[in-house]
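Some notes on the structure that comes next.
Throughout, protein chains are lettered first and strands after them, A, B, ... in sequence-line order, and every chain is numbered starting at 1. Hydrogens, waters and symmetry mates play no part in the numbers below; they use all other heavy atoms, side chains included.
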Amino acid sequence: AQSVTQLDSQVPVFEEAPVELRCNYSSSVSVYLFWYVQYPNQGLQLLLKYLSGSTLVKGINGFEAEFNKSQTSFHLRKPSVHISDTAEYFCAVSVRNRDDKIIFGKGTRLHILP
Amino acid sequence: DAGVIQSPRHEVTEMGQEVTLRCKPISGHNSLFWYRQTMMRGLELLIYFNNNVPIDDSGMPEDRFSAKMPNASFSTLKIQPSEPRDSAVYFCASTERRGYGYTFGSGTRLTVV
């Protein structure tokens, strides 16, 4: 079975500083990988996804993530965060060529400090 | 497109009452998912449909929960009878194709007192 581990439940970072949110997945087969963002009192919104091809994926709001197959990781990065990036971020995985089901990690809450 | 539409946004009900949550997926999306979000358990997949047919309901917590999708534009999640531990935010999501990712609704915040 597939699983997703987000190593940090909370990450505080100063405004305009870089940030990395860590994600590791477990799967014996090829997967699709996603990052979602959830702003307070809202649903989840797709930030970016890795399906195939280039391992560096660029998403909305200046975020990017890198797929590392050997380390089974899909870490999310942004070079300079803004106060508006305060939200919860979810890493997710689904099995390639099987079904549409997506398994989510427990989330990482990003706190932007002024 | 208006996105995935859920109703109501908030529901407060007494223990033992029946609760029905509603979802309208994006037109053309053929898979629909119901998730529950709590602080303790995070996001849990309850059930999902493909072309209106339930594919995987292994996440439905118990017989008090049921879900239907009578047509491509409407789904319901029913809890009968409701209990305080059902209090959570319930999300509906849809997708048109494997690998595209989901579009989520804004959720229904359910409080059972």
To the nearest 0.5 Å, how far apart are CD1 in A:I102 and CG in B:L45?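 It is 9.5 Å, given to the nearest 0.5 Å.
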
Can you tell me if [atom1] on [X] sees more than 12 non-hydrogen neighbours from other groups inside 6.0 Å?
X	atom1	value
A:R77	CZ	yes
B:K24	NZ	no
B:Q80	CD	yes
A:Y39	OH	yes
A:Q10	CD	yes
B:R64	CZ	yes

Of the listed residues (A:F90, A:Y50, A:F104), which shares the most heavy-atom pairs with chain B below a 4.5 Å separation?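 Highest number of pairs under 4.5 Å: A:F104.
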
Less than 4.5 Å apart, any side-chain heavy atom of B:Y48 and any of A:K101?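 Yes, close enough: below the 4.5 Å cut-off.
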
I'd like to check A:Q45 versus B:T103 (side-chain heavy atoms, cut-off strictly below 4.5 Å). Are they in contact?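 Side chain of A:Q45 against side chain of B:T103, heavy atoms only: no contact under 4.5 Å found.
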
With a 4.5 angstrom heavy-atom cut-off, which part of B:Q37 approaches chain A: side chain, backbone, both or neither?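 Just its side chain gets close to chain A.
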
Using heavy-atom distances under 4.5 Å, tell me whether B:R9 contacts chain A through its side chain, its backbone, both, or neither.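 Only the side chain of B:R9 comes within 4.5 Å of chain A.
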
Side-chain donor/acceptor of B:Y102 to backbone N/O of A:L44, under 3.5 Å: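 No, the answer is negative, given that no donor and acceptor are paired below the 3.5 Å cut-off.
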
Closest heavy-atom contact between A:Q38 and B:F91?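 Scanning both residues completely, I find the closest heavy atoms to be NE2-CZ, 3.3 Å.
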
Please say yes or no: joined through hydrophobic side-chain contacts below 4.5 Å, possibly via intermediate residues, are B:L46 and A:I103 part of one cluster?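 They do not share one cluster, since no chain of ILVMFWY contacts under 4.5 Å joins B:L46 to A:I103.
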
Among B:G101, B:G105, B:G42, B:G107, single out the residue with the greatest number of heavy-atom pairs under 4.5 Å to chain A.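 Answer, by heavy-atom pair count under 4.5 Å with chain A: B:G101.
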
